[in-house]
Amino acid sequence: MSTATTHDTHHEEHPRGLLRWVFTTNHKDIGTLYLIFALAMFFVGGAMAMIIRAELFQPGLQFVDPQFFNSMTTMHALIMVFGAVMPGFVGLANWLVPMMIGAPDMALPRMNNWSFWILPFAGIMLLGTLFMEGGAPAGGWTMYPPLILQTGDAFPYLIFSVHLLGISSIMGAINIVVTIVNMRAPGMTMMKMPLFVWTWLITAYLLIAVMPVFAGAVTMLLTDQYFGTSFFSAAGGGDPVMFQHIFWFFGHPEVYIMILPAFGVVSQIIPTFARKRLFGYSSMVYATASIAFLSFIVWAHHMFTVGMPLTGELFFMYATMLIAVPTGVKVFNWVSTMWKGSMTFETPMLFALAFVVLFTIGGFSGLMMAITPVDFQYHDTYFIVAHFHYTLVTGSVFTLFAAAYYWLPKWTGNMYDEKLGKLHFWLSAIFVNVLFFPQHFLGLAGMPRRIPDYSTQFAEFNMMSSLGGFAFGLTQLLFVYIVIKTVRGGSKATDKVWEGAEGLEWTLPSPPPYHSFTTAPEVK
Amino acid sequence: MTASTGSNPKLVKRLLLIVVGMFGFGFAMVPLYDVFCDITGINGKTGGRVAIAAVIEPDLDRTVMVEFIANVNQSMPWDFTPVVSRMEVHPGKMYRTSFHAKNRTDRTMVGQAIPSVTPGLAARHFKKTECFCFTEQQFLAGEGRDMPLLFMLDPELPEEIEVVTLSYTFFDKHKAIN
Amino acid sequence: MVARQVDSLQDSSRFVIRPNCSLPWRGVVRFYLGMVVVSFGIAIAFALKGAWLILPFAGLEMLVLGAALYVVARRGCRWQTVSIKGDRVEVVEHDSTCTRRQTFQRAWAQVTLEQARINGHPSRLIICSHGRAVEIGGYLAEIEKEQLALELRQAVRPPSLTGLGSMP
Amino acid sequence: MLVSKVKRWLTALAGTALLANAGGAAAEWKLNLRQGVTSISQEAYDLHMLILWICVAIGVVVFGAMFISIIKHRKSKGAKPATFHESTSVEIVWTVVPFLILIGMAIPATKALIAIEDTSNSDLSIKVTGYQWKWGYDYLGEGVSFISTLTTPKEQILNQQDKGENYLLEVDNPVVVPINKKVRLLITANDVLHAWWVPDLGMKRDAIPGFVNEMWFNIEKEGTYRGQCAELCGKDHGFMPIVVVAKNEADYQQWLTDQKAAMDADAAGADRDWSMAELMERGEKAYNTNCAACHQANGEGLKAAGFPGLKGSPLATGPMDAHLQMVMNGKPDTAMAAFGGQLNDIDIAAVVTYERNSWGNDTGDLIQPSEVKAAR
């Protein structure tokens, strides 16, 4: 938004008003659009989470009927995954990748425009299912047949919107890959690229590799329902478990698609505020690549209880445990980067530090779940819910906040309000733990996930979790206020913004000109 | 101004090799998994018709208990029961048994029986030469009949397996298509 | 990117205009083939398991990726030189297969920056005279085009020649 | 502040473990994994504790180092940044050491897994069928089979009554098994995926339509153990509990005999004539366990979810024959199941009679179990 006001001289080139945003092919505009969309969807999905937590506040059915409750868990997941976290990181990539590698824009600006503008339509279609006969999809975001085939009129719309979301991600990923591969500034060799660019390159690679699998899976659901095929129906020689294999072959890389860019963001932020170079740059790159590779051979750990042969269970258990090694390397590298640094604790750093601690806790519970004999107990309980919210909320979402605070001064030219930022951090960090930590206990005590009502032994922790949830949700309104306030004004940011910042994007003015790098920068 | 810099192509090549290798291994896992599903009989799929070419010497010293289970899917309005619920068999010897099914409705229905064997390891050692599950079964309104099953356990059935359970589930063919 | 050699004393200048291209064509092909092997490998493996509907999606995606890489790489192989010397303005276009040369009378050559008719679409930088025209640097960013247009105009009709000022 | 926060979580984690180890009664199941009553659940618990402690130890080291540098190496204390940024030997160490730790975890895990997957030599086999939303049990070779549904009254769920002790974890027909016997479950499903899980037995397994899955347990202690369906299966996924009652061998045999007698009695009862009052009473019970989930206790159905009402419906007030056919054989392609295979003649007659004479449906019709039997 800020960029619009800074180039009075070129105004006649760019359509003004709303149309400018509709037709824009500028990576900064599109990045902004993605980020705004992600934030909006974060609140839509968050509102659904509030409904879930309100219903679970006490035992008994209070507000919603069980069918609608299931719709809420399903839609909350779909919207957060495909509407909030992924577009959030694609937005960051749009803003930052060209600036970090010294390219004038993304490689395919027009495709960039399309890949964004598909999103709102897909989102509206997905939300539209809430008002259809038979209700919104309620079979879980994993869409396991045969249950998902019991969806009412919403079913084809669900499949179509998921297709659109997939197409958008694919186009985004292709654009990012092509940009990184072909548009680096002279001297910007692969091993000089900032880690954020590296993690996005690997993420985009994962996306390209698995998205067709996902598109195929949901299409087979569609043909099973309407065209008489029986890919997943035992009656025609199919197998409902086959869908789970296909889904998780996509789904496991997908969860890394949501966390790898977060690793990249944290690897940018920690060195800046530790005023020390990132420890083990090349091992970070290799660790990221190994995590990506492992993500292809561990999918069945999401489905240990379907009754696989022993050899299969052992293989997937060992492969899953291996993930701890490269992930550990990353955490050790971050800690070593801080070691003997000269640290300051501005809001982005606080979020990054909370990420390291809380994501590691999520990693620990992940390691515990890799152990198949115990996973038979953890599977489909709140322990799992706690685990993936530690990795996705205190992992991905916290890094999105960190990234927003870190680059907001660069994007807008204005400093955010540090006091409010810190307040936002502390409230978020405390309440997110009140929200999700008790869910570990609930799961261990035996509360299954995706239930609208529970036996009275789980009442205390659910109430605690709900209170944490409401508080965490409210806290995020503060973030919106901070962002709006920063966009509208504030003390001017310097070009470098942060004392310890390094990278091409900090050589540009704040805010950067509408078209950055008119002549390619030389990389040292 | 030169577009490509010296060290880049080499590094890219190396990285690509690693990446391709990794992904190659990744996708190789799928057929690999496929293979071990076939070997180990994931989900107890017994596969289709098995023709037994050579005459196999029955292993009369060993007895294995075979249990029969019958289910109908989606509460299909059929009665479906095994005529005998368990049999002691010698591996390598052919046995005959039958299942009884009855269509309780007043309309003609077509069903398809889907077999499943547990433990999964036994699945590929469970040889059926004649089975009502090979084809769709049409039942007139109110019709009931016995359907034969001719089977043999492969003598190579792993030693530790003492009980094999064969389950059939009848699916309403009309429902499956719609 | 634009590289300039301006010799104001001899009143000759040469502009080399090319998009930045960090991976050579061979690298692009290898990258693409690697991706195709991976994507089709996965799709074929699933097809063998019976889930053949993944295959067309993989094919479609590889088509789009291939097109994207091709478009960008081809853009990288195209470069233009604009030489201004004596009474001639010579524009040489190179692409992977051929070289085209166009010469304009310097006195008549016009450098224009045409704004796009549709909002948000790129403008076109054109050198033309006597009904012949050639577009320069279609792949450049807007601001680069503006800068280049300014410099080209100056080079074609230097202020020192028209007497309106002198070059430093 | 961050230090204290993480300390708090660490103490919480450690406290959890300590409480569990000390065998603190109430806190044990509230904070930590249940130890359960089978060898499997005990092994799972031991593994869980082992890995929890390893994670706590790693956490202490990593977060410890992090907080030392946060406290000591801060700019406000005048710390000057060091310049090191690479060390191959350190990288190798922290790749290899975790790898060795993982091997240490994998060995006991493999052993436990092999034991869990060994279903051979069982003493008793029970077929478990998941329905939307109840469980069917079939004691193989005994001829005993029944359906097990939730008995918690709607009033408790809707907060019109105080919740009972076993709110949502109580059923009409619990699964009864003998203790110290290896019980093998053959698990399948009738419609969609379900998962059979009783935490105290230490194992869960998916129920998949068309396929049979196996699991086993050997309960060491008499008692009642409660669990729930653990795979999302639609609207009432949260309302299909599992109750396992473990009895000693003699009591178990007695129970088996009683069950068979009850089934015989029902078979005999199908031949006598039932009065309207008898049928209505039994019908209300059968309706509430089998039909009310969709058609609702007040017979009005759930139109939004596509479940039609029965109050004043042409089906429940029109010809008796069509109504009976619907109950027995269901309606293809809808959630309306065929109850002919699930309910006995008496219950079907009672449900039909009840539906035709409730909520203002005053047909006065009455159907005898013997007529149902004839219609089969």
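Just so it is clear, the model here is predicted, and its values are computed rather than measured.
- Atom CD1 in Ile187(D) sits 12.5 Å away from atom OG in Ser167(B) (nearest 0.5 Å).
- Put simply, CD1 on Ile208(D) and OG1 on Thr169(B) are 11.5 Å apart, with the number rounded to the nearest 0.5 Å.
- Crowding of Glu156(B) atom CD: a count of heavy atoms from other residues, nucleotides or ligands under 6.0 Å not exceeding 12.
- Of the listed residues Thr165(B), Val163(B), Asp79(B), the one with more heavy-atom pairs under 4.5 angstrom with chain D than any other is Thr165(B).
- The contact between Arg86(B) and chain D is made entirely by side chain atoms (from C-beta outward), counting heavy-atom distances below 4.5 Å.
- Atom CE in Met109(B) sits 8.0 Å away from atom CG in Asn329(D) (nearest 0.5 Å).
- Atom CD of Glu159(B) and atom OG of Ser120(D) lie 12.5 Å apart (nearest 0.5 Å).
- Going from atom CD of Glu67(B) over to atom CZ of Arg184(D) covers 4.5 Å, rounded to the nearest 0.5 Å.
- When heavy atoms are compared at a cutoff of 4.5 Å, Ser125(D) approaches chain B solely by way of its side chain, counted from C-beta outward.
- Contact annotation for Ile114(B): both backbone and side-chain heavy atoms come within less than 4.5 Å of a heavy atom of chain D.
- At most 12 non-hydrogen atoms from other residues, nucleotides or ligands lie less than 6.0 angstrom from CZ of Phe99(D).
- Sparse packing is recorded around NZ of Lys285(D), with 12 or fewer heavy atoms of other residues, nucleotides or ligands lying under 6.0 Å away.
- Around the NZ atom of Lys111(D), the shell of radius 6.0 Å holds no more than 12 heavy atoms that belong to other residues, nucleotides or ligands.
- Counting heavy-atom pairs under 4.5 Å between each of Asp118(D), Asn121(D), Thr129(D) and chain B puts Asn121(D) at the top.
- In terms of non-hydrogen atom pairs under 4.5 Å with chain B, the most contact-rich of Leu140(D), Asp138(D), Thr119(D) is Leu140(D).
- Applying the 6.0 Å contact sphere to CG of Asp123(D) captures more than 12 heavy atoms from other residues, nucleotides or ligands.
- In terms of heavy-atom pairs under 4.5 Å with chain D, the best-connected choice from Ala113(B), Ser85(B), Pro77(B) is Pro77(B).
- Atom-to-atom distance recorded for Glu214(D):CD and Thr118(B):OG1 is 4.0 Å, nearest 0.5 angstrom.
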